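Presented below is the structure to which this report refers.
No experiment lies behind these values; they were computed from the predicted model shown.
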Amino acid sequence: MKDGTDGVQLLDVYDLLPFDNPDGGAWKQGFEIRYQGNEWDEQPLEVFLVPHSHNDPGWLKTFDRYYEDQTKHILDNMLIKLSEDSRRKMIWAEISYFSKWWNNINEEKREAVKRLVEAGQLEMVTGGWVMADEANSHYFAMLDQLMEGHQWIQRHLGVKPSTGWAVDPFGHSPSMAYLLKGAGLSHMVIQRVHYAVKKHFAQQRTLEFLWRQSWDSSPHSDITCHMMPFYSYDVPHTCGPNPAVCCQFDFHRLPGGRVFCPWRIPPQPITELNVQERSAGVRQKSRLFRSPVLMVPLGDDFRFVEASEWDAQFTNYQKLFDYFDQHPELHVKARFGTLSDYFSALSRRVATAGSTLPTVRGDFFTYADRDDHYWSGYFTSRPFYKRLDRTLEATLRATEILFSLTLAEMRRFYGGGRLAADFPAREHFGRLTAGRRSLALFQHHDAVTGTARDHVVVDYGNRLFESILNLHVVLQSSAHWLLLLDKSQYHHDQSKPFMQMVDVMSSQDALPQKTPLTLSDQPRSVMVFNPTEQLQTSVVSVLVDSPDVRVIAAETGRPMAAQISAVWAEPSRAAKDSFQVNSCSIRLLSFVYFVYFLSFNFFLFLNADAPLETFYFEMQKLRLQSGLVQRLQVQFLWYGTRTGANRDKSGAYLFLPGEEGAQVSPEPEPPPLVRVSRGPVFSDITSCFRHFTHTVRLYHLEGHAGRSLEISNKVDIRSEFNRELAMRLVSDVANGNRFYSDLNGFQMQQRRTLAKLPLQANFYPMSTAAFLQDSASRLTLLAAQSQAVAALRPGELELVLDRRLQQDDNRGLGQGVTDNKLTASLFQLLLEDRRGGAKEVGGASVEHLSLLAHLTSDNQLPKFRPFLPLRSSLPCDVHLLNLRTLEDAQVTSGDYSHTDMLLR
């Protein structure tokens, strides 16, 4: 591990550590901490006790149920108890809850909250709508939930968060650190880091560090980070290395209450008789840090519900603090504090000492909390909802952009900042806000992760589904006004929408279905919206009721390349004639479209004199432009879990595969039914197995759209017992033990497959992309949903597609994962020539997706009289992330009117 000018590189830490997990004594995963007692004679120890209550926006209960049962009582008591004594303090993270509570309190209480914030007694930390997951979430959604929370805080409390608090996400991503720094935060706290990494950082006294981006050679992206050293963020694991001792300082567990210490030594109320003896326990933890400033969290999940807990904690701790003040010879100054209090003191001490904090590069995946219990299962758990998350994200982005463009065009058209009289701007903005908040809520670290109870997952699903439907209304209405030649003809009637969406969902747990297009003597129009900033050539598929059809571009009258295909009701239910599907009159029509940046284009569907042709083809090997031919094989494999009555097994969080590893199906299966087709637009091969349908498609297009293979799967493992389905790509790429996976769709992170780690430890999160490479070629897989990925052997890339597990894995959920759905997954596979080596920054090679991969990945977004707000494409290294309408006096009760343009 380097700790010089390049700082600490986490890849090197993993190479260095033996991961042998010896018994550390009282601190089981650590070591014995020694001190002499005179270490603080010249620099007194400064202790900040930080009260907190971690409120999950859904987990064992739904968001609303948690609020009614616990959260509103916590915040009610917070207002009372902090107001009683100006020395008392607290931090709060989840703005989704805080905003709901704010809406239900009167103006007098709101003013009291503002006074507490202004006085520094109450600090809003991170300021996100939720404490977001950092493995599965896409950076668009991570940023959007952060913006939603920050704008709420600014609007209602008039402050901006400066510190981050992430104690429960199951591993930590530098993408989040980068977004926090960009949002104005300068400090952050993390907790769930592999116990062996924590131990190493504690031994090196690098638990306080500057977290730097892997690709940044400057300190521009640095953010000060505190890593909590022990097992958990609850009171027994925050005051020091011995949980049996620390539990005695959780005064909510005083004898006679409902909560007790599992170590069977209860806390004692602080009195004059025991205060001296009770004051001796804060020094050990401080020896793990370089400065004499110590942060001690005080809280746990949904703590401080009852007024009695507030009294017990604040009263007893204040007696300890007073004792320290009365005895300066102890060289301890302790008080209640916020994160800002702690980090201000830390910065002051570091500056006074003339020292600097060490620099750390890399990420903190994959997390293990004990033994070989790696939390790589949740990278895939509930894949149906991980895909639905991306559907809402893409729909929200397209709607935000279109709504903002519509408002701007209306104000230009009518002049004076006016909108169309019949345009329901206020209602639409409400739908947008609800969509933002539904997406934001689902970024919670027990939502998109797939680690909530079944009924809570349904609640999340309904929110996502309803938001998609409501955003479709905004899309349809905005497009209606934009595309009318005669604006006076505009009339909003929600019961009679101007257009229909091609893809429609019937419920929160159903895959989208295409809306049939009935052809007649009159042409039918299809409108395609390109919400990206680049010109796009791609393929759109719609259902038609006749094979006798042709497609023309409405603006030019130019015929478009088109291909008719059968719609398969079942794998083997297809007629001999390619235009018939068991007497069903519906066909799938695909056509090539060429759509300008941020624009609408019209295409007309007409009856033709003769049906389109259908062809057949055979798959070929992949050939690079250089002439190199690459072998590529796709395998589907099953993982079981450990066996034995007393053995831990896989669950929603953990991946604990059986010793046999991945296996082909243990049950004999008949050969798959295989369908092969070829046409002018695309050619594909579909293999229909018992538990999944696998399709590989090649588009016959010029440019980047025709240089990748599309891989799609439909998976149904509802009949299985404790099994996980994986897809493995086998190639000739000589990547050794290294591969790359993305972090939140924002950056690529090098991974090293290590033989000293168990199989489950070598799986990492893949939000959107992963690749293998050698000196001659790169194999890239782009994904429309998040999942676990590994490269267990050279040339192989493996993804877990779905998991069905009958038991709890003892992490608090209390159930297995058995609510599987028919689930779709979509990928793009690229094979590219490679020239030149990787750039080295901070002791590790830094790689990025190719321009071709970036252009191809943009096509995962849904493609909705020509409307062209841009004169040209933006530069290829600029991505229009969003056009986000903020408070608008014409559409909300706000006082200002503007739109944020977010560029990357």
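The side-chain heavy atoms of Asp300 and Tyr233, taken from C-beta on, include a pair separated by under 4.5 Å. Leu782 places none of its side-chain heavy atoms less than 4.5 Å from the side chain of Phe827. Looking at Met131 and Pro169, their side chains come closer than 4.5 Å, going by heavy atoms from C-beta outward. Within the 4.5 Å cutoff, the side chain of Arg387 has no heavy atoms near those of the Leu511 side chain. Between Phe465 and Leu392, the closest side-chain pair of non-hydrogen atoms is not below 4.5 Å. At least one side-chain heavy atom of Met766 sits under 4.5 Å from a side-chain heavy atom of Leu799. Annotation: side chain of Arg738 is in contact with side chain of Gln750 (closest heavy-atom distance under 4.5 Å). Side-chain contact between Tyr385 and Phe442 is present, with at least one heavy-atom pair separated by less than 4.5 Å.
For the 3.5 Å distance criterion, the side chains of Arg370 and Tyr231 qualify, holding a donor opposite an acceptor. Using modelled atom types, one finds no donor on one side chain facing an acceptor on the other under 3.5 Å when comparing His138 with Asn744. A donor-acceptor contact closer than 3.5 angstrom links the side chains of Glu710 and Tyr699. If you check the side chains of Asp454 and Gln815, you find a donor sitting under 3.5 Å from an acceptor. Remark: the Gln785 side chain and the Gln787 side chain contain an N/O donor-acceptor pair separated by less than 3.5 Å. With no hydrogens or angles considered, no side-chain donor-acceptor pair links Ser376 and Gln760 at under 3.5 Å. For the 3.5 Å distance criterion, the side chains of Asp23 and Gln29 fail to qualify, holding no donor opposite an acceptor. Side-chain contact annotation: Gln191 with Lys198, donor-acceptor N/O pair under 3.5 Å present. At a cut-off of 3.5 Å, with distance as the only test, no side-chain donor of Ser214 or Arg361 sits close to an acceptor on the other residue.
In this structure, the ring of His194 has its center less than 6.0 angstrom from the ring center of Tyr374. A distance below 6.0 Å separates the ring centres of Phe655 and Phe763. Side-chain rings of Phe302 and His54 stay apart, their centers remaining 6.0 Å or farther from each other. Ring-centre distance between Phe63 and Tyr460: not below the 6.0 Å cut-off.
Checking side-chain atoms of Asn722 against main-chain N and O of Thr641 turns up no donor-acceptor pair under 3.5 Å. In this structure, the side chain of Arg642 does not engage the main chain of Arg647 through any donor-acceptor pair within 3.5 Å. Judged by distance alone, the side chain of Thr449 and the main-chain N or O of Asn136 form no donor-acceptor pair under 3.5 Å. No donor-acceptor pair closer than 3.5 Å links the side chain of Arg65 to the backbone N or O of Val456. For Thr380 (side chain) and Val800 (main-chain N/O), a donor-acceptor pair under 3.5 Å exists by modelled atom type. A donor-acceptor pair is defined here as one N or O able to donate and one able to accept, closer than 3.5 Å; no such pair exists between the side chain of Asn735 and the backbone of Asn737. Under the 3.5 Å distance criterion, the side-chain polar atoms of Lys821 are matched with a main-chain donor or acceptor of Asp819. Between the side chain of Glu134 and the backbone N or O of Ser173, at least one donor-acceptor pair lies under 3.5 Å. With hydrogens and angles ignored, the 3.5 Å screen pairs a side-chain donor or acceptor of Ser175 with a backbone N or O of Leu743. Proximity of a side-chain donor or acceptor of His444 to a complementary backbone N or O of Gly58 within less than 3.5 Å is detected.
The minimum heavy-atom distance between Leu831 and Ser777, with the atom names listed, is CD1-CB, 4.5 Å. Between Pro657 and Leu759 the shortest heavy-atom distance is CG-CD2, 3.9 Å. Residue Met227 comes nearest to Phe201 through the heavy atom pair CE-CD2, 3.7 Å, listed as atom of the first residue, atom of the second, then distance. Of all the heavy atoms in Asp809 and Ser650, the pair that sits closest is CB-C, 4.3 Å. A pairwise comparison of heavy atoms in Ala790 and Asn762 identifies CB-O, 3.4 Å as the closest pair. Residues Ser767 and Ser137 come closest through the heavy atom pair OG-O, 3.9 Å.
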### Task
Kindly indicate, with the supporting measurements, whether the criterion side-chain hydrogen bond (donor to acceptor under 3.5 Å, both in side chains) is fulfilled by Asn820 and Glu720.
CA-CA 10 Å; Asn820 304 77; Glu720 296 307 292; over 6 Å; no
### Task
Would you please test Gln663 and Leu637 for side-chain contact (heavy atoms from CB on, under 4.5 Å) and show each step?
CA-CA 5 Å; Gln663 303 287 312; Leu637 303 162; over 6 Å; no
### Task
Begin with the C-alpha distance, continue with both residues' side-chain angles, and end with the deciding distance and a verdict on side-chain hydrogen bond (donor to acceptor under 3.5 Å, both in side chains) for Asp56 and His445.
CA-CA 8 Å; Asp56 289 303; His445 57 264; 3.0 Å; yes
### Message
Does Leu654 form a side-chain contact (heavy atoms from CB on, under 4.5 Å) with Tyr378? I'd like the steps, not just the answer.
### Response
CA-CA 7 Å; Leu654 304 184; Tyr378 82 93; over 6 Å; no
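Atom-to-atom distance recorded for Met142:CE and Leu439:CG is 12.0 Å, nearest 0.5 angstrom. Atoms CG and NZ, on Leu656 and Lys649 in that order, are 10.0 Å from each other to the nearest 0.5 Å. The distance from atom CD of Gln145 to atom OG of Ser438, rounded to the nearest 0.5 Å, is 13.5 Å. Note: Asp15 CG to Leu754 CG = 6.0 Å, rounded to the nearest 0.5 Å. Separation of atoms CG (Leu725) and CZ (Phe689) is listed at 10.5 Å; rounding is to 0.5 Å. With values rounded to the nearest 0.5 angstrom, Gln749 atom CD is found 9.0 Å from Tyr740 atom OH.
Note: Phe170 and Trp375 have tilted aromatic rings, judged against thresholds of 30 and 60 degrees for the angle between ring planes. In this pair, Phe364 and His172 present their aromatic rings perpendicular. The plane angle is above 60°, beyond the 30 to 60° band.
Among Val457, Leu388, Val448, the single residue meeting the side-chain contact (heavy atoms from CB on, under 4.5 Å) criterion with Arg382 is Val457. With Asp369 as reference, Arg811 is the one residue of Arg192, Lys28, Arg811 to meet the salt bridge (Lys or Arg N to Asp or Glu O under 4.0 Å) rule. For the side-chain contact (heavy atoms from CB on, under 4.5 Å) with Leu781, the lone residue among Val789, Thr768, Leu797 that qualifies is Leu797.
The pair Glu796-Arg728 meets the salt-bridge criterion, with a side-chain N (NZ, NE, NH1 or NH2) lying under 4.0 Å from an Asp/Glu carboxylate O. We find that Asp774 and Arg834 are not joined by a salt bridge, their nearest charged nitrogen and carboxylate oxygen being 4.0 Å or further apart. Between Arg751 and Asp363 there is a salt bridge, with a side-chain nitrogen of the basic residue lying less than 4.0 Å from a carboxylate oxygen of the acidic one. A salt bridge links Glu847 and Arg778; the closest N-O separation between the charged side-chain nitrogens and carboxylate oxygens is under 4.0 Å. Salt bridge annotation for Arg752-Asp12: present, with a cationic side-chain nitrogen under 4.0 angstrom from a carboxylate oxygen.
Cation-pi geometry between Arg697 and Phe682 is met: under 6.0 angstrom from the ring centre, within 45 degrees of the axis.
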